[in-house]
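A short write-up of the structure that comes next.
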Amino acid sequence: MKILVFGSFNIDKVYKMPHLPEKGETLYCEGYEIHVGGKGLNQALAFAFAGADVIVGGKVGADGGYLTGYLEKNGIDISGIDSSGEYTGHTIIETDPQGQNQMILFGGANREITEDYCDRLLAKHRDADLLLMQYETSCVEYMLERAHSLGIKTAFNPSPYVDKLKNIDYSCVDILILNEYEGKSITGEAGTERVLKALLALGCKEIILTLGADGAVYYNGEDTVSCPAFIVNAVDTTGAGDTFTGYCLYELLSGTEPGKALLTGCAASAIEVTKYGAAETIPHRENVEKFLNDAR
Ligand code: RIB
């Protein structure tokens, strides 16, 4: 299975806080770590660990070797990554003892993507089984429309949410994968069923909605399938959605029935949240299988 992940590559600067700071509050942090991250990088790794051959596209600056080296070391094809004169993207992540977080994103090189770059990437990888994207890079709308017109299957994770996401042409999206907040914000609806129906009416073919502690649900206009979340001791939820995305989509594309695909995604993200960091804590396939066996 050949997957093209077009997305962001960030250096994650993680600060362990006694609590998330209030407006105007100055706080000492209790620990500081640097990790590889970015939704594109995290989802690429999750897809690869699930079992796919993954090619990544996007941009990093001269300071991005830490990220590209990590991807390459983990068996990901980085030949599609272009360099930019901008700094590599980075994220300042504050986590609290309950595992909640808040982030400041610096887009940097991720926002330097041009239509010309997109055309070159798609021309090289028209044979991909899926193009997966998020919303941290520039040119996402263009990439979605071009890929769709070329007949490449698309999966879109509209994250992080900004109002411009209401104006995307969702008929170019084969699989939409998003959380409850993103679903409610895009549609203006409340309640899982209404959100799913409204998203389908926008034109997507299949929808996977994650519901935090309530698990996840799959909907294609006919079948609705849901799966509960696993209860674990979460210390850092950064990257949980990305881990779910890679594993769940891999299963769906492999022909696994949606309920099992959701379950595998939930298991992978349940493991991921028990450690600090995003990309480095995405589990390998054997750990996910073991977790699922132990849970039976
Ligand atoms: O989804 C988690 C990711 O969001 C982090 O790795 C951070 O870089 C931001 O892109």
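For the numbers below, each heavy atom of this structure counts, side chains included, while hydrogens, waters and symmetry mates do not. Ligands are counted one by one from 1 in listed order, and the atoms in each one are counted from 1 as well.
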Review item, side-chain donor-acceptor pairs of residues 15-25, under 3.5 Å, at least two apart:
unit_1 : atom_1 : unit_2 : atom_2 : d
His19  : NE2    : Glu25  : OE2    : 3.2
Glu25  : OE1    : Glu22  : N      : 2.8

Show every donor-acceptor pair shorter than 3.5 Å between a side-chain atom in residues 217-226 and any protein atom, with sequence neighbours excluded, or say none if there are none.
unit_1 : atom_1 : unit_2 : atom_2 : d
Tyr218 : OH     : Glu206 : OE2    : 2.4
Asn220 : OD1    : Glu222 : N      : 2.9
Asn220 : OD1    : Asp223 : N      : 2.8

Enumerate donor-acceptor pairs with a distance under 3.5 Å from any side-chain N or O in residues 1-8 to protein atoms, sequence neighbours excluded.
unit_1 : atom_1 : unit_2 : atom_2 : d
Lys2   : NZ     : His125 : ND1    : 3.2
Lys2   : NZ     : Asp127 : OD1    : 2.6
Lys2   : NZ     : Asp127 : OD2    : 3.4
Ser8   : OG     : Lys39  : N      : 3.0
Ser8   : OG     : Gly40  : N      : 3.3
Ser8   : OG     : Glu136 : OE1    : 2.4

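Proximity of a side-chain donor or acceptor of Thr243 to a complementary backbone N or O of Ser269 within less than 3.5 Å is not detected. Checking side-chain atoms of Tyr247 against main-chain N and O of Arg285 turns up a donor-acceptor pair under 3.5 Å.
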N/O contact list for ligand 1, threshold under 3.5 Å:
unit_1   : atom_1 : unit_2 : atom_2 : d
ligand 1 : 1 (O)  : Lys39  : NZ     : 2.7
ligand 1 : 1 (O)  : Asp242 : OD2    : 2.7
ligand 1 : 4 (O)  : Lys39  : NZ     : 3.3
ligand 1 : 6 (O)  : Asp12  : OD2    : 2.6
ligand 1 : 6 (O)  : Gly38  : N      : 3.0
ligand 1 : 6 (O)  : Asn42  : ND2    : 3.1
ligand 1 : 8 (O)  : Asn10  : ND2    : 3.1
ligand 1 : 8 (O)  : Asp12  : OD1    : 2.6
ligand 1 : 8 (O)  : Gly38  : N      : 3.1
ligand 1 : 8 (O)  : Thr91  : OG1    : 2.8
ligand 1 : 10 (O) : Asn10  : ND2    : 3.1
ligand 1 : 10 (O) : Glu136 : OE1    : 2.9
ligand 1 : 10 (O) : Glu136 : OE2    : 2.7

- request: Show the numbers, then the answer: is there a salt bridge (charged side-chain N to carboxylate O under 4.0 Å, His left out) between Asp119 and Arg146?
  value: CA-CA 8 Å; Asp119 288 338; Arg146 287 297 299 144; 3.6 Å; yes
